[in-house]
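Heavy-atom basis, side chains included; hydrogens, waters and symmetry copies ignored. Throughout, residue positions are numbered sequentially from 1 according to the sequence presented.
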Amino acid sequence: MNDFGVWSVLPPVMAVTLALLTRQIVLSLLVGIWAGFVILQSGNPILGTLATLDGLVQVFDDPGNTRVILFTFLVGGMIALIQRSGGVAGFILRIVGLLERIGTRQADRGNRRVVEITAVLTGMLLFIESNISSLTVGTLFRPVFDKLKIPREKLAYIADSTSAPSCILFPFNAWGAYIVGLIAAQGIDSASTVLVSAVLYNFYPMLAIALMIIIILSRKDYGEMAAAERRAESEGKILRDGAVPMVSNEISMLEMKQGLTPSAANLAWPLLSMVALMPMFLMYTGWAGAQEALPGVKGLALAGKAMAEGSGSKAVLYSVSGAILVAMALYRVRGVLRIREMVDLILRGMAGMLQMALVMTLAFAIGSLSRELGTGQYVADLTSPWISPALVPALIFLVSSFIAFSTGTSWGTFAIMIAIAVPMAQGMDTNVSLAIAAALGGGVFGDHCSPTSDTSLISSMAASSDHIDHVRTQLPYALTAGIFAFSLYLILGILTP
């Protein structure tokens with residue numbers, strides 16, 4: 001790999017900065033990608049432009065990228081089906097009725113706390129996969145939030161801040177399997193035990209969830225979220241004027257078919273089937289690898305290993321596809337929609353995902369470009385020589401945050417930083433679990449702040465929020481939790497042997 005030095009940092013920083021300043025995520029990503037390929041082509045803008053086009057095509061060389069983009073389209077189809085079937089309308093009636101039955105005949109501001117806390121708990125319980133968590137929370141609660149005039153930015157914040165934090169705090173999922181593999185690659189035999197120990201020091205996700213609950217209960221929003229709340233309360237606008245939701249109005253505003261009776265079951269069964277199918281397909285895709293790794297082992301041990309070995313991108317794609325089939329079968333049996341109607345709705349819903357799929361493609365491209373330029377490795381190598389033992393956890397957290405923010409991927413950051421954090425902690429006689437926790441927490445923190453993060457993009461999509469508005473309103477909360485986490489790593493780096 002060529003050493004591009006400080007130039008390797010320019011493309012992701014340019015893309016993120018431009019996105020925050022202009023609110024034009026597609027243009028910002030394209031400019032950053034183009035700048036990166038110009039650097040790769042020794043400063044030649046013509047060759048850089050041609051390489052940019054080739055780079056966008058090469059995104060689809062990775063089957064995992066292609067599966068996630070196809071998953072994005074299929075999600076649009078499923079949302080369209082659920083809304084047209086009356087599932088969303090039925091869910092609104094159920095939630096409003098439930099709130100009334102448990103004594104919430106108070107003002108909407110009182111009801112809001114119940115609904116928002118329920119959304120938080122839903123996201124946390126779906127810790128098996130971050131995208132499933134974000135998608136479910138956004139899809140389930142968007143109609144109720146709209147009815148209570150809660151801004152879409154708040155829903156996106158809740159969906160985003162309960163997904164990755166829950167997945168990494170309860171690592172009985174593909175996240176945990178991936179991280180255990182990274183730790184084991186550093187020569188640590190008890191990788192699972194070390195990960196469990198690291199969870200106890202993983203302060204950022206804990207603080208992010210705690211802060212979110214405090215904000216909901218106290219109603220003390222700040223930053224641009226406070227402005228969004230005032231707008232929704234005083235003007236009744238759940239989106240700002242000029243906002244561009246990640247899901248087109250054709251999907252987010254699709255009405256129930258005339259003549260149907262609203263039914264929450266039309267929403268519940270497809271979404272529950274999607275959640276239930278996820279672990280099943282994780283086991284399916286990892287079964288062969290588990291049998292090879294554990295010959296002669298059967299039962300729960302083999303099933304657990306199969307889930308750890310499974311492909312997350314395949315499982316997500318298979319799960320949403322299965323959920324669509326469940327929805328189609330359910331609606332046909334109940335006489336809700338005809339097959340031809342459902343096919344047309346799926347295509348219509350997929351068309352509404354075009355912007356989201358484009359942004360995902362660009363995010364994958366700039367992530368791949370950052371790896372080719374060596375952005376993360378450059379930042380890590382730049383800082384490692386002057387890190388003292390007491391500062392190791394805090395600086396690992398800081399560097400990990402910057403890498404995740406620049407590349408938009410927490411998993412990619414984990415791969416870079418665990419490989420540096422473990423040997424560095426061992427060599428400097430620093431607590432290894434604390435160093436790993438700092439790398440993991442920093443990755444989630446930077447990912448939360450980055451407009452190119454896939455979890456942030458999916459949260460914006462599920463909430464039908466303007467993506468840059470979501471990033472700008474969530475950023476002050478993420479920074480608050482991040483600063484406190486950094487401070488704790490500073491203190492524990494000194495106190496913990």
Side-chain angles (χ1 to χ4, degrees), residues 1 8-9 11-13 15-16 32 36 62 64-65 68 130-131 160-161 163-165 167-169 171 173-183 185-186 195 198-199 201-205 208 312 363-384 387 392-425 432-458 471 478-479 481-482 485-486 489:
M1 179 188 294
S8 66
V9 182
V13 170
V16 171
D62 185 331
N65 292 349
V68 171
S130 58
N131 290 342
D160 203 353
S161 296
S163 56
C167 288
I168 207 161
L169 288 177
N173 47 36
W175 285 64
Y178 174 67
I179 295 167
V180 165
L182 294 176
I183 295 173
Q186 303 307 309
L195 174 59
V199 167
Y201 296 113
N202 202 347
F203 302 123
Y204 175 75
F364 284 135
I366 199 167
S368 176
L369 179 65
S370 295
R371 289 191 294 273
E372 188 171 354
L373 289 169
T375 304
Q377 197 65 55
Y378 168 75
V379 174
D381 291 344
L382 185 67
T383 56
S384 60
I387 296 180
V392 165
L395 291 178
I396 285 176
F397 178 81
L398 197 62
V399 174
S400 185
S401 301
F402 179 77
I403 294 172
F405 180 78
S406 300
T407 61
T409 168
S410 55
W411 281 38
T413 301
F414 299 158
I416 293 170
M417 288 306 298
I418 288 179
I420 294 170
V422 171
M424 184 182 299
V432 172
S433 295
L434 185 59
I436 291 173
L440 299 178
V444 175
F445 169 49
D447 193 57
H448 260 177
C449 297
S450 175
T452 62
S453 161
D454 59 342
T455 51
S456 293
L457 287 164
I458 288 176
V471 174
L479 288 173
F486 177 77
Y489 286 123

To the nearest 0.5 Å, how far apart are [atom1] in [X] and [atom2] in [Y]?
X      : Y      : atom1 : atom2 : value
Ile168 : Leu440 : CD1   : CG    : 4.5 Å
Asp447 : Thr455 : CG    : OG1   : 4.0 Å
Phe486 : Tyr204 : CZ    : OH    : 15.5 Å
Asn202 : Ile436 : CG    : CD1   : 11.0 Å

Of all heavy-atom pairs between [X] and [Y], which one has the smallest distance, and what is that distance?
X      : Y      : value
Phe405 : Cys449 : CE1-O, 3.3 Å
Ala438 : Pro393 : CB-O, 3.2 Å
Ser410 : Val444 : CB-N, 4.3 Å
Ser8   : Gly374 : OG-O, 4.1 Å
Leu369 : Pro11  : CD2-CB, 4.4 Å
Ala437 : Ala198 : CB-O, 3.2 Å

Self-check item: Residue list, ring pair (Phe, Tyr, Trp, His ring centres under 6.0 Å) with Tyr489, at least two apart or on another chain
Solution: Phe203, Phe397
Please answer whether the main-chain N or O of [Y] pairs with a side-chain N or O of [X] as donor and acceptor at a distance below 3.5 Å.
X      : Y      : answer
Ser401 : Gly446 : no
Ser406 : Phe402 : yes
Ser400 : Gly443 : yes

Self-check item: Residue list, side chain to side chain contact (heavy atoms under 4.5 Å, CB included) with Ala365, at least two apart or on another chain
Solution: Ile33, Leu56, Val59
Quiz item: Quick one: are Ser453 and His448 in side-chain contact, heavy atoms under 4.5 Å?
Solution: no
Exercise. Taking the side chain as every heavy atom from C-beta outward, state whether Ile179 and Pro171 have any atom pair closer than 4.5 Å.
Key: no
Which atom pairs, one a donor and one an acceptor, fall under 3.5 Å between side chains of residues 412-419 and the rest of the protein, sequence neighbours left out?
unit_1	atom_1	unit_2	atom_2	d
Thr413	OG1	Ala404	N	3.3
Thr413	OG1	Thr409	O	2.7

